[in-house]
Structure formats: structure tokens, C-alpha cells
Amino acid sequence: IILFTADGHFYFNEIKKQWEKISWLSETINNNGFNTAVAVSKDRSVYVYEQKVTVVDYKIQKIILEKDIPNAVTACRYNDNAIAVATRHGNVSVIDITTQQDLKTYYIYNENDGKKSSPRVTEMIKASNGNLAIATILTGLNVIDSVTGSVNIYKHDPLNSASVSANVLYRVFCGKDGDLVVGTQSSGVSICNINNKTAVYKKIFRDTKGNIFDGHINTMAEDKDGFLWITALDRLIRWDKKNNISTFYQYFFNDPGLG
């Protein structure tokens, strides 16, 4: 364990049973505005500044990577020789520690009425299944698939008790067993397991106009684009599962004997 204080870096000497200052590290990494420090291996940590990231190797006592990244806010281990860095505006880069080159780049964003804006990233971790989980202030939890590169967004839905409890997220953590925990500003924490996905009870369907359907359904079929088509007594429903958006196609009985 290494502690960073206003007086420098310290470690606990098990033999002497006391905290001792690490002089070389205190001189290398000062208190000039780094946002966070994260261990990426037993002997290495990445320090995230406002305009750059620095990887320090404690074993050889030197900086092994220093790269300018404007608006950097969080970083995590990607593999034995790479780190992932995210800016507060949603740019995510996977960087090779040895060559300092970008191996992969992603972009996450907030979108309203077709306009893209900064998602205000707060923290990023690599989950136990290899995906990158990113907490944001404006777009809930974003998960980048390590295989396909696709971005899945998980937002709070007041009508779905299984959704994340808020969209304003500040912390994200994943255990080795797959438990993913996100911390919100004022709505506690939300927990799910990414290895053992459970079924979710969807009680209602809601369209973009605010209309709600919770009646009996007859049949369901999925098309080649992944949309679920559902027939009900008075309407046909197209459900976009990815974005949780429904479209209603109402039909009416044309029988003069009714009414």
C-alpha cells in the first residue's frame, strides 16, 4: 500500500512498523494536480493528471510512460502491457505502455434530440469479462464490449425497478465474480452480476409520446434487425429492446353493430 499525502508518498515498513517516505517517488510524482492513481499491476500504477497520464514502475523506480491526454479523468488496467484512459468528454483510448501508441479508440457521448454532447465521464474500470464499464454524470452506465467494440448504455428507468437507480453516477467497481457495482450521487448503489444475467420482468410498454400499454399480448416475433413485434387485442407493438422504445400501431374495429 502506498499513501499519497501533501508531504509526499509513504509506505508502511512491516519490519519497523512505521510509515516511511518514498523519496524518489515523492520527487517524481508531486501534488501538482493529478486526479487519481490506479494500480495496473503489482509494481506499476497509472497517475491521471488533467492533461496527461503517467505510469510509474516502482520496481525500477522510474516513469515508463508519459503521454499528453487533454481532459484525462480516469484510467484502468487493460492487460499486462496496456492501459485504458478516458477523458471527461467521452474519448477512450487503449494505450500500449511500451510503445505509447493507441491500440484502440472509442467514443461515448450523451445524445438529446439528435445532438451529441459530453457525457461527463467520472470513472472507468475493466470488468471481469473484459468489457470496459464507464460511469458518467449524464448518460448513466456505459459498457464497451471488448470483442465487438459496441457501446451499451444503461440508464435509469423509473418504471423498471431492475434498471440502474440513477443516471448521475460517480463510482463503478467490478469484482472477480462478476458483481458490477455503481455508486450514484443520491440514490445509493446498484448491483448486478455480468456473468449470471437474470431475467427482468417488463410490466409495461411505453412509446415516445408517453402512451402506455400493459394489457394482454397474443404472439411475439423477432425480425432480422432485432426488433420484437408483439400483437395485442387493439394494437401491434414494435419494441426496440436495445433502447427500450416502443411504437404502437393502433387498429380499430369497423363494425356498425358495436357501440
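Here, residue 1 is the first one in the sequence, and each next residue gets the next number.
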*Check ring-ring contact (aromatic ring centres under 6.0 Å, His included) between Phe12 and all other residues, then give those that pass, not counting sequence neighbours.*
Trp19
*State whether the side chain of Thr184 and the backbone N or O of Val168 hold a donor-acceptor pair below 3.5 Å, judged by distance alone.*
no
*asked:* Test your reading of the model: is there a side-chain donor-acceptor pair from Asn243 to the backbone of Ile245, 3.5 Å cut-off?
replied: no
*Excluding sequence neighbours, so at least two apart, what forms ring-ring contact (aromatic ring centres under 6.0 Å, His included) with Trp24?*
none
*Where is the tightest heavy-atom contact between Ile237 and Ser246, given as atom of each residue plus distance?*
CG2-CB, 4.2 Å
*Would you kindly confirm whether Ile69 and Val46 end up in one hydrophobic cluster when ILVMFWY residues are joined by side chain heavy atoms under 4.5 Å apart?*
yes
*How many angstroms lie between CG in Leu236 and CH2 in Trp229, if you round to the nearest 0.5 Å?*
5.5 Å
*Enter the distance from His156:NE2 to Ser187:OG here, rounded to the nearest 0.5 Å.*
7.0 Å
*asked:* Contact between Ile22 and Ile2 at the side-chain level, heavy atoms closer than 4.5 Å - yes or no?
replied: yes
Using distance only, find each side-chain donor-acceptor pair of residues 51-67 under 3.5 Å and give its atom names and separation, not counting sequence neighbours.
| from | atom 1 | to | atom 2 | distance (Å) |
| --- | --- | --- | --- | --- |
| Lys52 | NZ | Glu66 | OE2 | 2.9 |
| Thr54 | OG1 | Glu66 | OE2 | 3.3 |
| Asp57 | OD1 | Lys59 | N | 2.9 |
| Asp57 | OD1 | Ile60 | N | 3.2 |
| Asp57 | OD2 | Arg44 | NE | 3.2 |
| Tyr58 | OH | Ser45 | OG | 2.9 |
| Tyr58 | OH | Tyr47 | OH | 3.2 |
| Lys67 | NZ | Gln100 | O | 3.0 |

*With sequence neighbours excluded, tell me which residues meet salt bridge (Lys or Arg N to Asp or Glu O under 4.0 Å) with Asp223.*
none
*Kindly work out whether a path of hydrophobic side-chain contacts (I/L/V/M/F/W/Y, heavy atoms less than 4.5 Å apart) joins Ile230 to Phe213.*
yes
*To the nearest 0.5 Å, how far apart are CG in Asp145 and OG in Ser150?*
4.5 Å
*Quick one: salt bridge (Lys or Arg N to Asp or Glu O under 4.0 Å) partners of Lys116, sequence neighbours excluded?*
none
_Tell me if a side-chain donor or acceptor on Ser118 pairs with a main-chain N or O of Arg120 at a distance below 3.5 Å._
yes
*Verify the cluster assignment for Leu228 and Phe205: are they in a single hydrophobic cluster under the rule of side-chain heavy atoms below 4.5 Å apart?*
yes
*Do you know which two heavy atoms are closest between Ile83 and Val40, and how far apart they sit?*
CG2-CG1, 3.9 Å
*asked:* Phe227: which residues meet the ring-ring contact (aromatic ring centres under 6.0 Å, His included) condition with it, sequence neighbours left out?
replied: none
*Report the residues that fulfil ring-ring contact (aromatic ring centres under 6.0 Å, His included) with Tyr109, sequence neighbours left out, ordered by chain and then residue number.*
Tyr107
*side-chain hydrogen bond (donor to acceptor under 3.5 Å, both in side chains) between Asn81 and Thr98, worked out*: CA-CA 7 Å; Asn81 200 48; Thr98 302; 3.0 Å; yes
*Tell me the salt bridge (Lys or Arg N to Asp or Glu O under 4.0 Å) pairs involving residues 77-103, sequence neighbours left out?*
Glu50-Arg88, Arg77-Asp80
*If you take all heavy atoms of Ser128 and Ile194, which pair is closest and at what distance?*
OG-CD1, 3.7 Å
*Looking only at heavy atoms, what is the nearest atom pair of Asp234 and Gln250, with distance?*
OD2-NE2, 3.2 Å
*Do you know which of Phe34, Tyr11, Phe10 makes ring-ring contact (aromatic ring centres under 6.0 Å, His included) with Phe4?*
Phe34
*asked:* Could you check whether Thr105 and Asn91, counting side-chain N and O atoms only, form a donor-acceptor pair closer than 3.5 Å?
replied: no
*Check: Val73 and Asn71 side chains under 4.5 Å, non-hydrogen atoms*: no
*How long is the gap from CG on Leu25 to NE2 on His9, to the nearest 0.5 Å?*
4.0 Å
*Without swapping roles, check the side chain of Asp113 against the backbone of Lys115 for a donor-acceptor pair under 3.5 Å.*
no
_So that I can tick it off, tell me whether Arg238 and Asp207 are bridged by a salt bridge, with the cut-off set at under 4.0 angstrom between side-chain N and carboxylate O._
no
*Could you state the interatomic distance from CD1 (Ile29) to OH (Tyr49), rounded to the nearest 0.5 Å?*
3.5 Å
_Set of residues satisfying salt bridge (Lys or Arg N to Asp or Glu O under 4.0 Å) with respect to Arg235, sequence neighbours excluded_ = none
_Apply side-chain contact (heavy atoms from CB on, under 4.5 Å) to residues Val121 and Thr74 and explain how you reach the verdict._
CA-CA 8 Å; Val121 171; Thr74 182; 3.9 Å; yes
*asked:* Evaluate Tyr170 against Val182 for side-chain contact (heavy atoms from CB on, under 4.5 Å), listing each step before the verdict.
replied: CA-CA 8 Å; Tyr170 283 94; Val182 293; over 6 Å; no
*Check whether any side-chain heavy atom of Ile191 lies under 4.5 Å from a side-chain heavy atom of Leu180, and answer yes or no.*
no
Residues 130-141, side-chain donor-acceptor partners within the protein, below 3.5 Å, at least two apart:
| from | atom 1 | to | atom 2 | distance (Å) |
| --- | --- | --- | --- | --- |
| Asn131 | OD1 | Ser146 | N | 2.9 |
| Asn131 | OD1 | Ser146 | OG | 3.3 |
| Thr136 | OG1 | Thr139 | N | 2.8 |
| Thr136 | OG1 | Thr139 | OG1 | 2.8 |
| Thr136 | OG1 | Gly140 | N | 3.1 |
| Thr136 | OG1 | Gly140 | O | 2.8 |
| Thr139 | OG1 | Asn142 | ND2 | 3.1 |

*Closest non-hydrogen atom pair between Tyr78 and Ala84, with its separation*: CB-N, 4.1 Å
*Checking side-chain contact (heavy atoms from CB on, under 4.5 Å) for the pair Val94/Tyr106: CA distance, chi angles, key distance, verdict?*
CA-CA 9 Å; Val94 177; Tyr106 307 99; 4.3 Å; yes
*Roughly how far, to the nearest 0.5 Å, is the OG1 atom of Thr247 from the CG atom of Asp240?*
8.0 Å
*Would you kindly say whether Asp157 and Asn244 are connected by a side-chain donor-acceptor distance under 3.5 Å?*
yes
*Contact check, side chains of Leu103 and Ile95, non-hydrogen atoms, under 4.5 Å*: no
*Where is the tightest heavy-atom contact between Ile212 and Arg206, given as atom of each residue plus distance?*
CG1-CG, 4.1 Å
*Check salt bridge (Lys or Arg N to Asp or Glu O under 4.0 Å) between Glu27 and all other residues, then give those that pass, not counting sequence neighbours.*
none
*Within residues 4-24 or reaching into it, pairs that qualify as salt bridge (Lys or Arg N to Asp or Glu O under 4.0 Å) - sequence neighbours excluded*: Glu14-Lys17, Lys16-Glu20
*Residue that, paired with Val172, satisfies side-chain contact (heavy atoms from CB on, under 4.5 Å) out of Val181, Thr122, Ile125, Val143*: Ile125
